[in-house]
Every structure is written in C-alpha cells, then in structure tokens.
Amino acid sequence: MLRKTLLATAAVLAFASAAAAQDKLKACFVYVGPIGDGGWTFQHDQGRLDVEKAFGDKVETAYQENVPEGADAERVLTQMALSGCKIIFTTSFGYMDATNAVAAKFPDVMFEHATGYKRDSANVSTYNARFYEGRAVTGTIAGRMTKSNKIGYIGSFPIPEVIQGINASFIHAKKVNPDVTMSVVWAYTWFDPAKEADAAKALIEQGVDVILQHTDSTAPLAEAAKTPGVIGFGQASDMAEYKPSPRVSAIIDNWGPYYVERVGALLDGTYAQKDTWAGIGGGEVLIGEITDAVPAEVKAEAEALATSIGDGSYHPFTGPLNKQDGSVWLADGEVADDGTLAGLNFYVEGIEGEIPQ
C-alpha cells in the first residue's frame, strides 16, 4: 500500500513538474560571437540575463553562440523553433534573411531581429540602436584628445549602420578640431581579435593616436595599450579592464530593457509586431564613464553633447554637411531623416578613402 502511495505521489510530482515546464515561456537568443567577447555578444547576453532576473520561473532562456551568418543560422533557428522557443532574438545584421525564412515556417513563434529592416511575416519584429549618437560623443573626445590630428576607425562591414558611425565620429571630431583627419580600415568581420588587432596596428603605424571601432572584441584596445599616447573607446560594452587609458570612454549597448519589454508583452498578451530604433534618449545607448585621462573641460563638453542628443535638442546629422565629393547633402539647419540614415552609403566630406562596394 505504501509503495502504491509513493508511486502515485511521484507520478503527481512528475506531472506537476512537466506542467510547470510547459507554463514557462522559452526565450532564445542567437549570437554571432562568443558571450565572452567583451563587446557586442557579451552585452546581448547581459540582456538575456536581465530577462531571467525580471521574470524568474516564468521564463526559460537558451542561447547559441558563434553562429555564422548564412545557412547555419537558418538551421539553428529551425532547431530552436522546434525545441519550443516562443520568442527568438537574432542578434546580428547578417541573420536577416534566415530570420525571415524560418519565421515564415513557424507563424506561432515570434522572431526579433537586431539591426535589420525586413519584416516579411507578421511574427517578425526589428530593433536597432542609434549607435551614431554615441559615436558623436566619442568623436568629440577623439577630436579634442588627438595630438597627431590623425584618428582611425576600424569598420566591420560597409553597411549603413557602420557608415553612420564613421560619419558621426568624423563630423564631431572635425567640429572641435578642424585639422583632424580620419582613416578607415575595414576588417570584414564582426569578431576576429587577430584581424582587429592587425587593423589597429596598421592605423597606429600611420600615426593615428585615437582609435574608434565598430567590431566586437577588445583587441584594438589591447593593441592601443602597447603604444603610449594612443587611446580608444569601449565598443558595445564598457571594456572597463582598459580604464583609465587607453579606454577613455565607451559606447554601451543597453539591450536589457528591450528584451524585458518584449518578453513581458508576450507573457501578458500585449505583444505586437513593431520596429524600434532607440538611442541615448531611450536609454538604449549609454556613454560609459569618461575617465580622468580626459581633461575636465573635454569631459564636460562630451557630457553636454550627450545630454542635448538625449533630450532631442540636437541631432548628430544636422547641416550644413556635404558628401565626400563636395556636393551638398544637408543645408544649414537641415536634419537627416531616418530613411536616409537607414540607407546611408557615402562618407561625408573630409574622410579619406572610399567605401568598398
């Protein structure tokens, strides 16, 4: 009799455990790099952890790191959908086509694509951050801090998101230092510490003493640390291990609030497709601590710029601005619209080199 009671109790507990597991919402994340990259993927994973903290046992999260952009991404997304994921965040631009292809096959799964623009199915949303706002601030610091008047930029891929940042950095460096020049090196990778380090080294050999980057690892800062007087900035996350120099500030991508919002909406039944592009004002782009390696007056100037961008009183792409060929882009006081920025494919006047096709 006791054995039957124990078996019955075990069965009830097993059923309850299974039911509880089914009640949990499974949120999944696909990463282009490792969560230990110290930059882009690390920061997305911090957002995943924020979801766990916000909802506790109401959610289950899962992730896969180092997923190449292309056919592998479609395979991984399909496996995630089949495994019970109810919302899947695809966190790199190159996942765009795979996200939309798999979403069409799983209409009951919600897909969220970072930095993309395609929403081919009703269950695909897109989200992005106005990284260029942060780069206006770091560009200001760069223009003030350079002693050689040569600043460098490590680009990942020649897509509008990256070109926005290059232009915003240069515009604001030039505003505070008319003699500044900018050289761009294309790494053709989001995360490859060896290539990123080589790019930084090449820039330093050209006489660059301030390095900005739109790649994911800390390698450029590590390279900068080898040469006294060269400074750089944290990218995507704080990269605080390189404070107070060469890392003098950082652009921090704050994904947690968005991830919590979207998972919460799915839990409470208010979820709807949308496209989001937030920046400093919305708290999605943060400026990391400006260290004491930066003069007090430069720090104050950068902080004031961040405040004016955040409250909407200033837009980083405000004319007069010319294209690289000298033709007029924005007249005096004219502000670039989001559609233009989303398709940006040219340098502003004064940047050296050409954008690869």
Side-chain angles (χ1 to χ4, degrees), residues 93 115 117 128-190 195-196 198-200 202-215 220 232-233 235 251 277 279 285 302 305 309 314-357:
F93 180 81
T115 75
Y117 55 86
N128 203 349
R130 295 181 185 271
F131 308 114
Y132 65 83
E133 293 183 348
R135 299 192 197 286
V137 178
T138 55
T140 297
I141 298 171
R144 290 293 191 197
M145 295 288 287
T146 179
K147 293 180 173 59
S148 67
N149 291 327
K150 295 179 180 181
I151 62 177
Y153 202 109
I154 303 171
S156 46
F157 296 96
I159 61 175
E161 170 193 325
V162 179
I163 296 167
Q164 291 162 19
I166 293 169
N167 283 331
S169 298
F170 180 72
I171 289 165
H172 292 82
K174 192 82 170 176
K175 277 189 175 184
V176 300
N177 181 354
D179 296 325
V180 78
T181 62
M182 175 183 277
S183 299
V184 181
V185 173
W186 292 98
Y188 292 99
T189 183
W190 293 113
K195 286 184 178 179
E196 294 173 66
D198 285 346
L203 288 168
I204 293 168
E205 288 174 349
Q206 294 173 33
V208 163
D209 61 358
V210 183
I211 296 175
L212 303 103
Q213 67 182 89
H214 198 140
T215 52
F233 300 86
Q235 153 63 14
I251 299 169
W277 197 8
V285 175
L305 177 60
I309 293 171
Y314 174 74
H315 192 291
F317 290 108
T318 300
L321 288 172
N322 292 340
K323 296 181 180 181
Q324 188 184 43
D325 63 6
S327 62
V328 174
W329 175 28
L330 298 171
D332 190 12
E334 185 181 2
V335 173
D337 60 70
D338 282 356
T340 299
L341 294 179
L344 200 63
N345 61 356
F346 57 84
Y347 287 148
V348 293
E349 190 174 36
I351 296 180
E352 300 173 359
E354 296 182 356
I355 298 174
Q357 301 301 313

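As the structure is a prediction and not an experimental result, all values here were calculated from the model.
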Passes side chain to side chain contact (heavy atoms under 4.5 Å, CB included), V285 versus I251? Steps please.
CA-CA 7 Å; V285 175; I251 299 169; 4.0 Å; yes
In short, L305 meets A136 closest at the heavy-atom pair CD2-O, 3.5 Å
Between the CD1 atom in I163 and the CG atom in L341, the distance rounded to the nearest 0.5 Å is 11.5 Å
**Asked** Do side-chain atoms of S169 reach the backbone of G165 as a donor and acceptor pair under 3.5 angstrom?
**Response** yes
Is a side-chain N or O of Q324 found less than 3.5 angstrom from the main chain of I351, in a donor-acceptor match? yes
Would a 4.5 Å heavy-atom cut-off, applied to side chains only, mark F157 and P356 as touching? no
On a heavy-atom basis, the closest approach of H214 and W190 is CD2-CZ3, 3.9 Å
Item to complete: Return yes if some donor-acceptor pair links the side-chain N/O of Q206 with the main-chain N/O of V208 below 3.5 Å, else return no.
Response: no
Decide if atom CD of E354 counts as having more than 12 heavy atoms of other residues, nucleotides or ligands within a radius under 6.0 Å. no
For G155 and V162, the nearest pair of non-hydrogen atoms, with its separation, is CA-CG1, 4.2 Å
To the nearest 0.5 Å, atom CD of E161 lies from atom OG1 of T115 at 4.5 Å
Treating W277 as the side-chain partner and A129 as the backbone partner, does any N or O pair qualify as donor plus acceptor under 3.5 Å? yes
Rounded to the nearest 0.5 angstrom, the OG1-CD distance for T340 and Q164 is 10.5 Å
**Study point:** Residue pair D338, R130: steps toward the side chain to side chain contact (heavy atoms under 4.5 Å, CB included) verdict
**Key:** CA-CA 10 Å; D338 282 356; R130 295 181 185 271; 2.8 Å; yes
Heavy atoms from other residues, nucleotides or ligands near OH of Y117 exceed 12 (cutoff 6.0 Å)
no
Rounded to the nearest 0.5 angstrom, the OG-CD distance for S156 and E196 is 9.0 Å
Any I211 side-chain heavy atom under 4.5 Å of I204 side chain:
yes
Discussion item. Quick one: does any side-chain atom of R144 pair with a main-chain N or O of V176 as donor and acceptor, under 3.5 Å?
Written reply: yes
Looking only at heavy atoms, the pair that brings I171 and P316 closest together is CG2-O, 4.4 Å
Here the gap from I309 atom CD1 to H315 atom NE2, rounded to the nearest 0.5 Å, amounts to 9.0 Å
What one should report as the nearest heavy-atom pair of T215 and A187 is CG2-CB, 4.3 Å
Applying side chain to side chain donor-acceptor pair (under 3.5 Å) to H172 and not counting sequence neighbours gives Y314
Check: Are F317 and Y132 an aromatic pair by the rule of ring centers under 6.0 Å?
Finding: yes
Is there a donor-acceptor pair closer than 3.5 Å between any side-chain N or O of N345 and the backbone N or O of Q357?
-> no
In this structure, NZ of K175 is separated from CG of N177 (nearest 0.5 Å) by 14.0 Å
Between D209 and K147 the two heavy atoms that sit nearest each other are OD2-N, 2.7 Å
Can you check whether Y153 reaches L203 side chain to side chain, under 4.5 Å on heavy atoms?
no
- prompt: Below 4.5 Å, heavy atoms only, C-beta onward: do F170 and Y347 meet side chain to side chain?
  reply: no
Original post:
Is there a donor-acceptor contact under 3.5 Å from the side chain of S148 to the main chain of G207?
Top reply: yes
